[in-house]
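Have a look at the structure below, then the notes.
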Amino acid sequence: MDYAIATLGSHSALQILKGAKDEGFRTIAVCRSDHAFVYRHFGVADEIIEIPSYDDFYRVEDDLVSKNAILIPHASLIAYVNLKTIEEMRVLYYGNRRILYWESDRDRQRMWLERAGLNLPKVFKDPSEIDRLVIVKFQGARGGQGYFLAKSEREFRRKIGSARDYTIQEYVVGIPVYIHYFYSVIRGELELMGFDRRYESNVDGIGRIPANLQRDLKVTYTIVGNFPLMLRESLLPEVFRIGERVVEASRDICPPGIYGPFCLETVVTPDLKFYVFEISARIVAGTNVFIETSPYALIKHGRPMSTGRRIAVEIKEAIEQDRLKEILG
Ligand code: AMP
Ligand code: AMP
């Protein structure tokens with residue numbers, strides 16, 4: 001029986017399904033009923049399975065299994081479907097499912113990135129240690145919602161409220177660069193898919209009002225969209241080097257390691273150092289700016305290639321070479 005490519009209708013589903021269709025796969029979108037019309041409108045899914053809410057995702061398991069569907073994970077799946085449900089589902093799953101354990105917790109992420117020898121923002125274990133500008137983050141893929149900045153313990157205490165599950169990170173002043181990678185198991189190579197920067201509310205709107213009116217505003221980092229970015233070419237060697245090191249370190253902590261799409265979320269400082277403040281161990285929505293292709297992927301593949309399509313190519317080559325087991329986790 002032929003394989004189908006399935007994903008949850010949000011985040012990068014249009015890209016994933018379009019890419020799969022371009023490579024000749026049957027496609028399935030599992031959608032909340034109130035979102036389904038969007039996927040119908042764009043015609044990227046051969047089949048739409050509607051669920052009343054994300055909590056009902058587990059109910060589609062048998063259906064996906066019987067359709068020989070390979071599930072492609074993304075942040076909305078991780079954010080809305082319980083980690084245990086994902087880990088225990090019998091559905092064919094693209095990627096190393098166990099890497100989610102490493103990615104889902106900031107301390108474990110940090111161990112992984114430290115092992116890779118990357119520059120990381122300093123973490124303050126206790127608010128009393130705050131001696132510079134810090135960003136305070138909360139657990140989970142919540143898209144930057146609720147984050148705040150503080151310069152001192154006093155300011156931290158004033159802003160934290162009753163929240164408990166937080167991380168205090170040095171705020172690195174530079175420019176944010178989100179690096180999209182793809183590690184191909186079938187070709188044994190790390191590919192650079194592109195870069196994006198984010199458009200976040202309200203932080204990216206604050207510069208539009210005079211400084212004297214900015215002072216009393218609460219800064220937030222709620223993701224709304226993304227912009228494409230091309231990097232200074234002389235930075236590419238470092239981009240590849242840090243990506244390679246992350247892949248190598250992942251093989252030690254969670255064999256067979258990370259593969260498929262992943263993203264390093266970085267701030268580049270004026271001395272051109274990449275500080276990595278987070279890793280996403282799967283497709284990031286920033287790749288949506290390249291649903292046709294990024295310039296890098298076009299050069300590499302000699303034809304338009306999105307990250308969604310690249311996933312489908314990998315699965316197709318794995319099937320052709322009878323190596324599918326190697327890329328299902
Ligand atoms: P959503 O399905 O849009 O509610 O997204 C679920 C989670 O995925 C969000 O909380 C974000 O963490 C992440 N996410 C969605 N869209 C984007 C985006 N364009 N850029 C970065 N992260 C995103
Ligand atoms: P995140 O949800 O971790 O992707 O971060 C949300 C926003 O906070 C992004 O705009 C980042 O650029 C910014 N950010 C996160 N961590 C840091 C950091 N350590 N230094 C500077 N900016 C950061």
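Along the sequence shown, the residues carry numbers beginning at 1. Given the structure is predicted, the values throughout are model-derived calculations rather than measurements. Numbering of ligands and ligand atoms starts at 1, following listing order.
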Only heavy atoms of [X], strictly under 4.0 Å: list the atoms of ligand 1 that pass.
X	result
Ala285	16 (N), 17 (C), 18 (C), 19 (N), 20 (N)
Ser10	1 (P), 2 (O), 3 (O)
Ala75	8 (O), 13 (C)

Is it true that Arg198 lies under 4.0 Å from ligand 1, counting heavy atoms only? yes
Check this for me: does any side-chain nitrogen of one of [X] and [Y] sit under 4.0 Å from a carboxylate oxygen of the other?
X	Y	answer
Glu50	Arg40	yes
Glu47	Arg26	no
Lys21	Asp46	yes

Mind checking whether [X] contacts ligand 2 via backbone (N, CA, C, O), side chain (CB onward), both or neither, at a 4.0 Å heavy-atom cut-off?
X	answer
Tyr221	side chain
Tyr147	side chain
Tyr199	neither

Interfacing atoms of ligand 2 (cut-off 4.0 Å, heavy-atom, [X]):
X	value
Pro121	19 (N)
Tyr178	4 (O), 9 (C), 11 (C), 12 (O)
Pro176	12 (O)
Tyr171	20 (N), 21 (C), 22 (N)

For the 3.5 Å polar cut-off, considering only N or O atoms, please tell me whether [X] and ligand 2 meet it.
X	result
Gln169	yes
Glu265	yes
Val172	yes

Pair Ser184, Glu314: side-chain N/O donor-acceptor within cut-off below 3.5 Å: yes
Answer yes or no: is there a donor N or O on one side and an acceptor on the other, between the side chain of Asn288 and the main chain of His11, under 3.5 Å? yes
Are any of the N/O atoms in Tyr80 less than 3.5 Å from those in ligand 1? yes
Is the ring pair Tyr259/Tyr94 parallel, tilted or perpendicular, if the boundaries are 30 and 60 degrees? perpendicular
Residues which pass side-chain hydrogen bond (donor to acceptor under 3.5 Å, both in side chains) with Glu153, listed by chain and number, not counting sequence neighbours: Arg157
Audit row: Phe290, Tyr296, ring-ring contact (aromatic ring centres under 6.0 Å, His included) steps and yes/no: CA-CA 10 Å; Phe290 304 120; Tyr296 302 104; 8.0 Å; no
What distance separates His301 NE2 from Ser306 OG, expressed to the nearest 0.5 Å? 10.0 Å
Going by the side chain to side chain donor-acceptor pair (under 3.5 Å) test, name the single residue among Lys300, His180, Arg310 that passes it with Glu191. Arg310
Nearest heavy atom to atom 18 (C) of ligand 2: which of Lys137, Glu200, Glu170 does it belong to? Glu170
Not counting sequence neighbours, which residues clear salt bridge (charged side-chain N to carboxylate O under 4.0 Å, His left out) with Glu87? List them please. none
When you look for heavy atoms under 4.0 Å from ligand 1, do you find them on the side chain of Asn226, its backbone, both, or neither? side chain
